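Below, each value reflects all heavy atoms present in this structure, side chains not excepted, and no hydrogens, waters or symmetry copies. Throughout, protein chains are lettered first and strands after them, A, B, ... in sequence-line order, and every chain is numbered starting at 1. Model, not experiment: these values are computed from the prediction.
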There are 2 protein chains.
Amino acid sequence: MQITRQADYALRAMLYLAREYPKKDERAATSKIAEEQEIPASFLAKIISQLSIAGLIQTSRGAKGGVRLARKPEEISLLDVVEAIDGPISLNECVDDPSVCSFGDNCPIHDVWCEAKAQLVRKLRDATFDKLLEKENAKV
Amino acid sequence: MQITRQADYALRAMLYLAREYPKKDERAATSKIAEEQEIPASFLAKIISQLSIAGLIQTSRGAKGGVRLARKPEEISLLDVVEAIDGPISLNECVDDPSVCSFGDNCPIHDVWCEAKAQLVRKLRDATFDKLLEKENAKV
DNA sequence: GTATTTTCTATCTTTATGGTAGAAAATATA
DNA sequence: TATATTTTCTACCATAAAGATAGAAAATAC
């Protein structure tokens, strides 16, 4: 049970953009992000596109174009990014769609998955990019 | 991010066997488990085999053969079953194998995944089958 | 208007999942 | 002991998703 490589790459890219966020008027080139964050350059294009559709970043083409965060780092969490790429974190099919399982509310396992999901989601929602940058700076 | 169907089926099968556990000398037939728990019968064979290798159940062939838990319900948790089928719950590659990521300890995201994993593992380890049966009985 | 820099999208390969059917093994019973 | 029965076990296949790439499309600077 893991997030996809795409989601991991997306997180790296977003972390990079969060660092660059103070430089208000600049946009980062995809190629630059790929190099710095060790992401296959041609693979990052697809990920950038998805993040853009999800409204997490703004993109612009052409010379001087590039990518930047669509909103402040404190308004973006790990959950936002992971769900934008991998879809909802359900842990088990029945959590997000109880109709797939005929046992429904009688199943004691169902409850555990629901609690586990809630707990995980809380953790990831709490991890906003401003907090991550703070931690990073504290380490150095 | 979900467990596989196999893992879900394995949980259902184990829940059934936990209910049957008091009948000390009987063994449940795979076909019976499949029918009761709504699992594709021929698919369950593969899952039973994996659970047996993992030491969670005892199997015996032939007439009067079948399957039963290898130890008490209170000594088996959801974590045991899920990991036996799907492998370790790592949430992200870097959690169980930090060498795959060159950023290592400098990465603030890594820490979040480690905490999230620990939290999830704790939850699943705490959910033993005797507790699940208790809950089930309380509902009826 | 053209060249350059960038995002975007259609396509391919590989891997894993979900599922099946038939072989092999073991026991009860005649 | 032979045979029929009941079961586990294993090799196989089809489908879908993931990972990755190269070339098309778009926008801007000059």
Side-chain angles (χ1 to χ4, degrees), chain A residues 1-13 17 20 25-35 37-70 82 84-88 90 92-93 100-101, chain B residues 1-13 17 20 25-35 37-68 70 82 84-88 90 92-93 100:
Chain A
M1 186 162 39
Q2 285 188 14
I3 58 169
T4 62
R5 303 302 305 132
Q6 284 196 53
D8 183 59
Y9 289 152
L11 290 174
R12 292 191 199 184
L17 291 175
E20 296 287 309
D25 297 331
E26 284 185 31
R27 288 178 157 85
T30 301
S31 58
K32 176 79 174 172
I33 301 174
E35 190 188 337
Q37 298 295 82
E38 301 182 13
I39 304 168
S42 48
F43 194 26
L44 184 56
K46 201 200 297 187
I47 296 164
I48 290 288
S49 171
Q50 287 182 261
L51 291 173
S52 171
I53 291 169
L56 296 174
I57 59 176
Q58 290 177 340
T59 64
S60 67
R61 299 185 179 191
K64 289 260 176 186
V67 181
R68 65 174 180 183
L69 293 189
V82 171
I85 303 295
D86 284 353
S90 42
N92 199 2
E93 215 177 41
V100 297
C101 176
Chain B
M1 185 162 40
Q2 285 187 15
I3 60 170
T4 62
R5 302 302 307 130
Q6 285 198 51
D8 184 58
Y9 289 151
L11 291 174
R12 291 191 199 184
L17 291 175
E20 296 288 309
D25 296 331
E26 284 186 31
R27 290 179 156 85
T30 301
S31 58
K32 176 80 174 170
I33 302 174
E35 191 188 336
Q37 299 294 85
E38 302 183 13
I39 304 169
S42 48
F43 194 27
L44 183 56
K46 202 201 295 190
I47 295 165
I48 291 289
S49 170
Q50 287 182 262
L51 291 174
S52 171
I53 291 170
L56 295 174
I57 60 177
Q58 290 177 341
T59 65
S60 68
R61 301 184 179 192
K64 291 261 177 185
V67 180
R68 65 173 180 184
V82 172
I85 303 294
D86 284 353
S90 42
N92 198 1
E93 215 177 41
V100 297

Let me know the distance between CZ of B:R27 and C1' of C:dA28, rounded to the nearest Å.
15 Å
B:E26: what forms a side-chain contact (heavy atoms from CB on, under 4.5 Å) with it, not counting sequence neighbours?
B:K23
The reported gap from CD in B:Q58 to CZ in B:R27 (rounded to nearest 0.5 angstrom) is 6.5 Å
Results of salt bridge (charged side-chain N to carboxylate O under 4.0 Å, His left out) for B:E38 - residues two or more places apart only
none
With sequence neighbours left out, the residues meeting side chain to side chain donor-acceptor pair (under 3.5 Å) with A:T4 are A:D86
Could you tell me the separation between the CD atom of A:Q2 and the P atom of C:dT15, rounded to a whole number of Å?
17 Å
Side chains of residues 39-51 of chain B: which donor-acceptor pairs under 3.5 Å do they make with residues two or more places apart or in other chains?
none

Divergence of helical axes at both termini of the helix from C:dG1-D:dC30 to C:dA30-D:dT1 - five pairs an end, 10° steps:
0°
What is the distance, rounded to the nearest whole Å, between atom CD of B:E38 and atom P of C:dG19?
13 Å
Test of understanding: with side-chain contact (heavy atoms from CB on, under 4.5 Å), list the residues that count as partners of A:A28, not counting sequence neighbours.
A:Y16, A:L17, A:I33
Can you measure B:L44 atom CG to C:dA21 atom C1' for me and round it to whole angstrom units?
15 Å
With sequence neighbours left out, write down each residue that passes salt bridge (charged side-chain N to carboxylate O under 4.0 Å, His left out) with B:R12, or none if nothing qualifies.
B:D8
Write down the distance between CD (B:E93) and P (C:dT15), rounded to a whole number of angstrom.
15 Å
Suppose we screen for salt bridge (charged side-chain N to carboxylate O under 4.0 Å, His left out). Which residues come up paired with B:K32, at least two apart in sequence or across chains?
B:E36
Within the 4.0 Å limit for protein heavy atoms, which parts of nucleotides 3-20 of chain D are touched? Write it as a string from 5' to 3', B for base, S for sugar-phosphate only, - for none.
---BSSB---------BB
